[in-house]
Amino acid sequence: MDGRFSRRTFLKGAGTAAIAGALPMSLVELAFGDSSQNFTFAYISDSHIQQIKGNSFVRNWDMGLKRAVAESNLLNPKPDFVLYGGDIAQLGKKAELDHGLEILSGIRNKIYYATGEHDYYLDLGEYWEQVISPLYYSFDHKGVHFVVLNSILTYDEWINKWPSPEVRMNVMAGLDNPQGSPFMVGEKQRQWLQQDLAKVKKSTPVVVLSHSPLQKIYKGWNFWTEDAEEVQKLLQPFDKVTVLYGHVHQIQYNQIGNISFHAAMATAWPWPYPRSYAQAVSHMPKLTVPMNRADPFFERDATGWQFIDLHSGNVDLKYSLYDNENREIAFSKDSGQPEDTQFQKPERRIPPQEHY
Ligand SMILES: [Fe+2]
Ligand SMILES: [Fe+2]
């Protein structure tokens with residue numbers, strides 16, 4: 001399609017740095033039949049800015065976010081806006097959020113924010129709402145309805161059972177801490193979502209930004225949203241729905257009914273893949289689209305950058321992985337789901353690494 005941007009066009013502004021290494025951001029293209037409506041937006045997620053002491057912060061996490069900011073400013077064509085997928089901070093401290101925001105202030109564009117559990121569980125989103133954005137909201141852009149959800153809420157009993165906010169935050173910050181609690185959107189917000197969607201035409205493409213996956217992947221690590229099915233139900237009446245999420249720090253894609261799911265890579269670090277870590281099939285619910293797994297214990301696997309094309313609501317993702325072949329996940333018209341264009345066939349998949 002003429003109106004669509006080629007990968008080369010995207011890279012022009014970023015120059016050789018883009019080709020040499022891994023960019024910690026995504027660029028999403030929405031393409032329509034009428035190409036004058038096409039637009040792009042950038043997606044940055046999971047920076048985990050971490051205070052060591054005073055003005056000293058973990059340098060690697062700073063650098064990941066700084067690089068994403070620089071690259072987003074160099075993109076050509078310029079994205080219409082930037083989405084931030086949550087986990088700016090590591091332990092929800094004001095100093096961490098402020099430091100992250102200071103780096104993000106370098107972005108010469110409008111940013112829409114979603115909150116993550118690392119931003120939230122110290123003060124339950126108070127500072128976030130004060131200085132960053134509401135915790136959930138929606139907006140329209142060039143014929144697309146965008147919804148930002150706070151998907152990392154949990155049970156009140158769990159929230160109130162800790163001796164201090166710091167202890168609560170530390171528990172929730174652990175990936176596999178069995179004392180954590182499952183994430184959820186919650187009834188109040190689901191009612192809001194229902195009302196918000198009531199005024200949207202069923203043919204309007206809907207893009208949902210959430211921090212946790214709005215699907216159940218692996219409860220042990222909170223790659224999980226407790227009321228995912230209820231949220232999906234509210235999205236089911238629409239022709240084309242895409243859910244973009246952070247939190248999992250790795251490539252994931254799935255299709256449930258009319259809803260395509262895509263995870264973004266983190267600017268901070270990659271998480272290992274649940275199945276290859278757990279080595280226990282029963283820990284991992286069956287995904288509707290089996291995914292190719294590369295090497296989860298290679299430190300740079302699953303960090304990198306990606307282009308996401310939404311063709312009239314369907315999604316193709318083009319990943320550039322450091323020291324890895326480029327990867328493309330494209331929506332297949334034949335099967336009606338996103339598939340890895342090179343590795344989807346079982347005989348072509350890279351087996352998970354054996355480890356202890
Ligand atoms: Fe994260
Ligand atoms: Fe998270």
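Ligands are counted one by one from 1 in listed order, and the atoms in each one are counted from 1 as well. Below, all heavy atoms of this structure are taken into account, side chains as well, without hydrogens, waters or symmetry copies. Being a predicted model, the structure only gives us computed values, none of them experimental.
- Note: Phe57 CZ to Gln50 CD = 10.0 Å, rounded to the nearest 0.5 Å.
- Between Phe183 and His247, the ring centre distance stays below 6.0 Å.
- For the atom pair CE of Met184 and CD of Gln189, the computed distance is 11.5 Å after rounding to the nearest 0.5 Å.
- Side-chain contact check for His99 and Gln51: no donor-acceptor pair (N or O, by modelled atom type) lies under 3.5 Å.
- Here the protein contributes Asp46 OD2, His48 NE2, Asp87 OD2, His249 NE2 as N, O or S atoms under 2.8 Å from the Fe ion (ligand 1).
- Going from atom NE2 of His211 over to atom CG of Leu153 covers 12.0 Å, rounded to the nearest 0.5 Å.
- Side chains of Tyr121 and Thr154: no donor on one and acceptor on the other come within 3.5 Å.
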